[in-house]
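The structure appears below as structure tokens.
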Protein chains: 2
Amino acid sequence: MVTSRQVAQLAGVSQATVSRVLQGSLRVSGDTRQRVEAAMAQAGYRPHAAARAMRTRRSGTVGVVVADITNPFYPQLLEAVSHALDAAGQRMILWNAGGPSETSALEAIGEGSVDGLVFTTITEGSDPLEEALQQDQPVVLLHRGLESARCDQVTNDNVAGGRLVAEYLAGHGHERIAYLQGPELPSTSRHRERGFRERLAELGVALAPELTVRAHFSHDSARRAMRGLLDRQDPPTAVFCANDLTAFGAVDGALSLGSHVPEDVWVLGYDDIEMASWDSFDLTTVRQPIAEMARTAVELLLERIDDRSLSPRRRKFPSELVVRGSTARAPVPVRAVDR
Amino acid sequence: MVTSRQVAQLAGVSQATVSRVLQGSLRVSGDTRQRVEAAMAQAGYRPHAAARAMRTRRSGTVGVVVADITNPFYPQLLEAVSHALDAAGQRMILWNAGGPSETSALEAIGEGSVDGLVFTTITEGSDPLEEALQQDQPVVLLHRGLESARCDQVTNDNVAGGRLVAEYLAGHGHERIAYLQGPELPSTSRHRERGFRERLAELGVALAPELTVRAHFSHDSARRAMRGLLDRQDPPTAVFCANDLTAFGAVDGALSLGSHVPEDVWVLGYDDIEMASWDSFDLTTVRQPIAEMARTAVELLLERIDDRSLSPRRRKFPSELVVRGSTARAPVPVRAVDR
DNA sequence: CCTCGTTGTGTGTACGTATTCATGGAACGG
DNA sequence: CCGTTCCATGAATACGTACACACAACGAGG
């Protein structure tokens with residue numbers, strides 16, 4: 001390995017001068033700078049990251065935690081996060097899967113392996129998060145928020161999104177509406193549900209308890225739940241799913257029973273990931289500006305890394321209903337009118 | 001930040017002893033060990049990663065490069081890689097997107113930010129890779145290989161996979177077969193095509209040049225290509241796609257023109273990612289053992305990090321045809337018989 | 001009782017960088 | 001021509017850890 005000291009010797013200067021050239025310091029003559037740069041190129045010099053990190057107390061690396069990278073929502077989020085970090089010259093350490101990863105990520109920040117963390121899948125009652133916040137570590141919550149946490153948070157207006165769906169379904173005359181919930185803890189689940197229920201109630205449409213079913217955020221789980229709903233004697237005419245992935249599961253559940261979407265049942269999702277626009281699903285869904293939210297989260301985090309004294313900021317992005325073929329083809333499902 | 005020296009003071013021992021406890025060294029009395037551990041817990045001590053990395057010349061981090069994380073194949077690969085790295089106590093830095101990421105990753109290895117690299121999307125003519133190999137840096141190629149590269153490689157037997165598809169289609173009487181190729185450079189593309197063509201030729205089935213079309217590894221690009229094929233006066237009766245993602249695009253392209261799969265046209269993919277088994281696609285495809293390959297790649301890389309003198313190893317995993325509804329429903333497409 | 005090996009611990013150092021402080025010379029004003 | 005300012009550069013140091021080496025205490029074997 002080539003060190004700055006060796007480069008210095010090669011260029012006939014001191015190690016300090018090499019370091020100055022590396023930092024782009026102004027206190028170096030043009031002549032010297034050229035000699036040093038030539039020496040660096042000739043020797044194939046690369047500064048040693050660990051040594052630099054030790055001296056500067058900065059790793060140049062940011063950690064990102066996702067719950068399930070095979071849920072296609074997260075790759076889209078990660079792509080944008082990754083791009084923003086690249087642009088800022090930061091590296092990205094990725095943690096996947098719920099279990100020990102959260103703790104592991106917070107250990108990493110304690111060890112200085114990362115300068116800050118983006119949590120995309122935080123849930124209530126995370127002790128390690130509390131601890132990190134008490135130590136004033138730079139942390140941003142993206143996608144899922146946490147009311148009680150005093151830290152930067154970037155979320156979608158999930159309550160508003162839920163309301164949009166309620167309004168849309170009620171406005172099209174649906175009366176037997178099912179809600180395919182996600183897990184209990186994530187704020188996204190809770191807020192989407194709250195907005196949905198609120199607005200339905202305001203519009204005088206009942207949400208039958210027996211048509212409210214819970215599924216994991218997975219295709220398979222949603223598919224099963226959907227089959228359960230459609231097997232009823234009084235199946236729903238529309239199903240609002242907690243996110244797009246579960247909506248795909250619902251569509252496939254319907255398909256597996258020979259039901260057609262939207263002729264037999266409307267299906268709606270949330271997120272508007274790319275796959276939602278594929279012909280096979282053509283899914284009506286609530287769009288959240290994924291890339292923009294990711295960029296914002298990175299921006300906030302990098303600011304906070306530079307200045308930990310900033311007071312916590314919350315950015316809530318608007319949601320928008322995107323109507324597609326999973327609801328649009330029939331103005332009102334026949335059975336919804338018949339009943 | 002708490003240092004080992006402060007812990008030492010708290011425990012009434014020297015810094016060296018704290019370090020020894022940290023390393024699990026045997027040369028520490030039970031009594032001392034307990035005192036030190038208590039002090040570490042009390043002070044909330046975390047060893048400083050950069051300092052440790054500087055001393056040990058190990059970052060405890062591995063880099064992984066993927067071409068496009070929104071291609072659902074890669075999250076599945078990454079999940080397995082990530083899991084294997086977790087189990088080995090290694091962290092994962094992720095690079096996404098083709099452009100500068102390859103170079104950036106190889107810079108990282110030069111700086112000691114990562115101990116080794118997994119490339120999933122290498123292509124012919126990568127200068128930085130050549131350089132890294134000359135410097136004897138630990139590198140493993142996963143998924144895509146490179147004939148010329150003297151390094152560990154973990155691939156699927158893509159030639160055999162291509163042959164399986166050829167045999168299957170020829171065996172079911174298809175005569176107008178289209179091939180929806182991927183990009184030119186990736187070894188996966190080339191090998192799948194080679195096996196496919198070879199076996200078709202052996203079986204005396206022609207692959208019409210006008211039915212061989214090129215698409216990017218994206219849904220949209222494949223969808224367009226498929227529409228082009230189906231718009232012909234003499235459309236194919238079966239389409240073999242370079243991977244599952246493009247097969248989904250092909251299915252959706254057919255759907256968008258009112259064609260039915262498999263009644264009007266058979267569609268086959270490659271990879272057998274999870275989505276291939278979803279009802280909407282129900283895709284016949286060639287399975288490669290993704291998770292097993294990922295585990296193997298990590299294993300080889302960690303071995304090589306420990307011993308760079310190992311001679312390059314190549315592991316080729318078998319492929320297997322998985323027949324599903326995108327081909328199976330009709331034994332032989334009607335039009336294939338008519339012509 | 002005197003070696004000698006073993007065990008537990010402390011002292012000192014090196015890893016490679018960024019930065020502070022010191023220094024010598026050039027530029028400049030009077 | 002001298003004193004002062006400014007600039008380019010070098011010497012020295014600290015970051016926190018792991019480890020080589022030294023050493024004291026101790027028991028065993030002669």
Side-chain angles (χ1 to χ4, degrees), chain A residues 1-40 43-61 89 107-115 306, chain B residues 1-40 43-61 89 107-115 306:
Chain A
M1 134 156 259
V2 184
T3 70
S4 59
R5 193 153 260 120
Q6 292 171 317
V7 172
Q9 193 167 12
L10 191 60
V13 298
S14 72
Q15 180 269 332
T17 298
V18 175
S19 181
R20 272 187 277 259
V21 170
L22 224 51
Q23 304 306 312
S25 158
L26 296 175
R27 293 260 180 282
V28 180
S29 74
D31 178 52
T32 307
R33 181 182 304 274
Q34 276 192 332
R35 278 218 317 287
V36 170
E37 277 166 355
M40 293 199 300
Y45 171 69
R46 300 260 82 209
H48 190 59
R52 170 173 285 182
M54 167 135 91
R55 190 61 170 81
T56 61
R57 324 290 295 164
R58 280 286 167 60
S59 64
T61 305
E107 279 174 11
I109 208 176
E111 298 171 1
S113 297
V114 297
D115 299 331
D306 275 340
Chain B
M1 135 156 259
V2 184
T3 72
S4 60
R5 195 152 258 121
Q6 293 172 322
V7 172
Q9 193 168 11
L10 191 59
V13 298
S14 73
Q15 181 270 331
T17 298
V18 175
S19 181
R20 272 187 278 259
V21 171
L22 224 50
Q23 304 305 313
S25 160
L26 295 175
R27 293 258 179 279
V28 180
S29 72
D31 178 52
T32 308
R33 181 181 305 274
Q34 276 193 331
R35 277 218 319 287
V36 171
E37 276 166 355
M40 292 199 299
Y45 171 69
R46 300 260 83 209
H48 191 59
R52 169 174 286 181
M54 166 135 90
R55 190 62 171 79
T56 60
R57 325 290 293 165
R58 279 280 172 46
S59 64
T61 305
E107 279 175 8
I109 207 174
E111 298 171 1
S113 298
V114 297
D115 299 332
D306 274 339

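Any value given below was found using the heavy atoms of this structure, including those in side chains, with hydrogens, waters and symmetry copies removed. By convention in this document, chain letters (A, B, ...) are assigned in the order of the sequence lines, proteins followed by strands, and residues within each chain are numbered from 1.
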If you count every heavy atom of other residues, nucleotides or ligands that lies below 6.0 Å from B:Gln15 atom CD, does the total exceed 12?
yes
Crowding at CD, B:Gln23 (>12 non-hydrogen neighbours, <6.0 Å):
yes
Less than 4.5 Å apart, any side-chain heavy atom of B:Leu22 and any of B:Pro47?
yes
Can you check whether B:Arg33 reaches B:Thr17 side chain to side chain, under 4.5 Å on heavy atoms?
no
Would you say [X] places a side-chain N or O within less than 4.0 Å of OP1 or OP2 belonging to [N]?
X: B:Ser14; N: C:dG10; result: yes
X: A:Ser4; N: C:dG16; result: no
X: B:Thr17; N: C:dG10; result: yes

Quickly work out the [X] [atom1] to [N] [atom2] distance and round it to whole Å.
X: A:Arg5; N: C:dT17; atom1: CZ; atom2: P; result: 9 Å
X: B:Arg20; N: C:dG10; atom1: CZ; atom2: C1'; result: 8 Å
X: B:Gln23; N: D:dA20; atom1: CD; atom2: C1'; result: 14 Å
X: B:Met40; N: D:dT17; atom1: CE; atom2: P; result: 11 Å
X: B:Met1; N: D:dT17; atom1: CE; atom2: P; result: 6 Å
X: B:Glu111; N: C:dT17; atom1: CD; atom2: P; result: 10 Å
X: A:His48; N: C:dA18; atom1: NE2; atom2: C1'; result: 15 Å
X: A:Gln34; N: D:dA8; atom1: CD; atom2: C1'; result: 16 Å

Side-chain donor or acceptor of [X] paired with backbone N/O of [Y] under 3.5 Å:
X: B:Asp115; Y: B:Arg58; answer: no
X: A:Ser59; Y: A:Ser113; answer: yes
X: A:Gln6; Y: A:Thr3; answer: yes

Determine whether any donor atom in the side chain of [X] lies under 3.5 Å from an acceptor atom in the base of [N], or the reverse, and answer yes or no.
X: B:Gln15; N: D:dA18; value: yes
X: A:Arg55; N: D:dG16; value: no
X: A:Arg57; N: D:dG16; value: no

Please classify the nucleic acid contact of [X] as base, sugar-phosphate, or nothing, using heavy-atom distances under 4.0 Å.
X: B:Ser19; result: base
X: A:Ser29; result: sugar-phosphate
X: B:Val18; result: nothing

Relative to the 5' end of DNA chain C, which residue comes earlier, B:Met54 or B:Arg35, by the nucleotide with the nearest heavy atom?
B:Arg35
In A:Thr32, A:Val21, A:Val7, the residue satisfying side chain to side chain contact (heavy atoms under 4.5 Å, CB included) with A:Val13 is A:Thr32
Which of these nucleotides, D:dC7, C:dG16, D:dG16, is closest to any side-chain atom of A:Arg27?
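Looking only at heavy atoms from C-beta outward on A:Arg27, the closest nucleotide is D:dC7.
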Give the angle between the helix axes at the two ends of the helix from C:dC1-D:dG30 to C:dG30-D:dC1, taking five base pairs at each end and rounding to 10°.
50°
